[in-house]
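In what follows, every heavy atom counts, from backbone to side chain, and hydrogens, waters and symmetry copies are set aside. Start at 1 with the first residue, then count along the sequence. Since this is a predicted model, take the numbers as computed values, not measurements.
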Amino acid sequence: MSHIKVELKKEDVAKLKEICKSFNNEPGELINVLHKSQEAFGYLPAEIQEIVARELKISVAKVYGVVTFYSFFTMLPKGQHPISICTGTACYVRGAEKVLDEFKRVLNISVGQTTPDGKFSISCLRCVGACGLAPVVTVGEKVYGRVSPDGVRDILKEYEQ
């Protein structure tokens with residue numbers, strides 16, 4: 001995985017330290033600290049993970065392990081309109097992969113990437129609990145059900161203005 005070096009500004013570092021302090025720099029609060037940090041910065045690059053590790057006095061490896069284990073944490077900046085394709089069993093069986101391939105083809109990006117204009121990013125999720133609507137796609141908070149590869153362009157059109 002290519003690593004983009006993220007330069008954290010002094011005020012960003014201060015904000016991170018503040019977040020850690022709000023949880024008493026308690027190692028057991030790692031997940032809460034990471035949630036708050038991702039809320040504040042949008043994603044959790046290595047530079048943020050290193051500061052969190054230092055503040056909570058735990059290893060960077062442990063922080064990285066938690067960030068990569070939970071699918072709601074991301075190490076890459078998300079697009080303005082983050083697209084997630086459900087790849088849970090029901091969605092998968094009903095053709096989620098073809099829908100995913102069509103998003104990748106139309107946007108010309110891979111899973112985990114963001115379009116050069118910063119508008120869209122693609123990720124896969126496990127299950128959104130809307131199995132009756134499979135295959136399911138979310139764009140931000142909006143849920144689209146029974147999506148076919150033909151419907152991909154229509155979904156993207158809604159966000160083009």
Checklist entry - Shared ILVMFWY cluster between I51 and I31, side chains joined below 4.5 angstrom? => result yes
Checklist entry - ring-ring contact (aromatic ring centres under 6.0 Å, His included) with Y70: which residues, sequence neighbours excluded? => result F72
Checklist entry - Which salt bridge (charged side-chain N to carboxylate O under 4.0 Å, His left out) pairs, counting each pair once, include a residue from residues 127-153, with sequence neighbours left out? => result K142-E158
Next on the checklist: Once side chain to side chain contact (heavy atoms under 4.5 Å, CB included) is applied, do any residues pair with K157, and if so which ones, sequence neighbours excluded?
Outcome noted: D154, E160
Item to check | Beyond-backbone contact of V67 with Q49, side-chain heavy atoms, under 4.5 angstrom | outcome: yes
Checklist outcome for this item: The salt bridge (Lys or Arg N to Asp or Glu O under 4.0 Å) partners of K10 (sequence neighbours excluded) come to none
Item to check | Pairs touching residues 74-85 that satisfy side-chain hydrogen bond (donor to acceptor under 3.5 Å, both in side chains), sequence neighbours left out | outcome: S84-S123
Next on the checklist: Can you list everything that forms a side-chain hydrogen bond (donor to acceptor under 3.5 Å, both in side chains) with E102? Sequence neighbours excluded, please.
Outcome noted: R105
Next on the checklist: Going by the rule salt bridge (Lys or Arg N to Asp or Glu O under 4.0 Å), which residues pair with K119 if we only count those two or more places apart in sequence or in a different chain?
Outcome noted: none
Side chains of residues 91-98: which donor-acceptor pairs under 3.5 Å do they make with residues two or more places apart or in other chains?
| unit_1 | atom_1 | unit_2 | atom_2 | d |
| --- | --- | --- | --- | --- |
| Y92 | OH | E97 | OE1 | 2.9 |

Next on the checklist: Applying salt bridge (Lys or Arg N to Asp or Glu O under 4.0 Å), can you list everything that pairs with E18, at least two apart in sequence or on another chain?
Outcome noted: none
Item to check | Connected-component partners of V139 among ILVMFWY, side-chain separation under 4.5 Å | outcome: I83, I85, V99, L100, F103, V106, L107, I109, V111, F120, I122, V137, Y144, V147, V152, I155, L156, Y159
Item to check | Closest contact, heavy atoms only, S121 versus P82 | outcome: OG-CA, 3.5 Å
Item to check | Nearest heavy atoms of L30 and K62, plus distance in Å | outcome: CD2-O, 4.4 Å
Item to check | Partner set under ring-ring contact (aromatic ring centres under 6.0 Å, His included) for F69, not counting sequence neighbours | outcome: none
Checklist entry - Are any of the side-chain nitrogens in D12 or K15 under 4.0 Å away from the carboxylate oxygens of its partner? => result no
Checklist entry - Of the non-hydrogen atoms in T114 and P77, which two are nearest, and what is the gap between them? => result OG1-O, 2.8 Å
Next on the checklist: Checking K57 now: which residues fulfil side chain to side chain contact (heavy atoms under 4.5 Å, CB included) with it, not counting sequence neighbours?
Outcome noted: none
Item to check | S110 backbone acceptor or donor facing Q113 side chain under 3.5 Å | outcome: yes
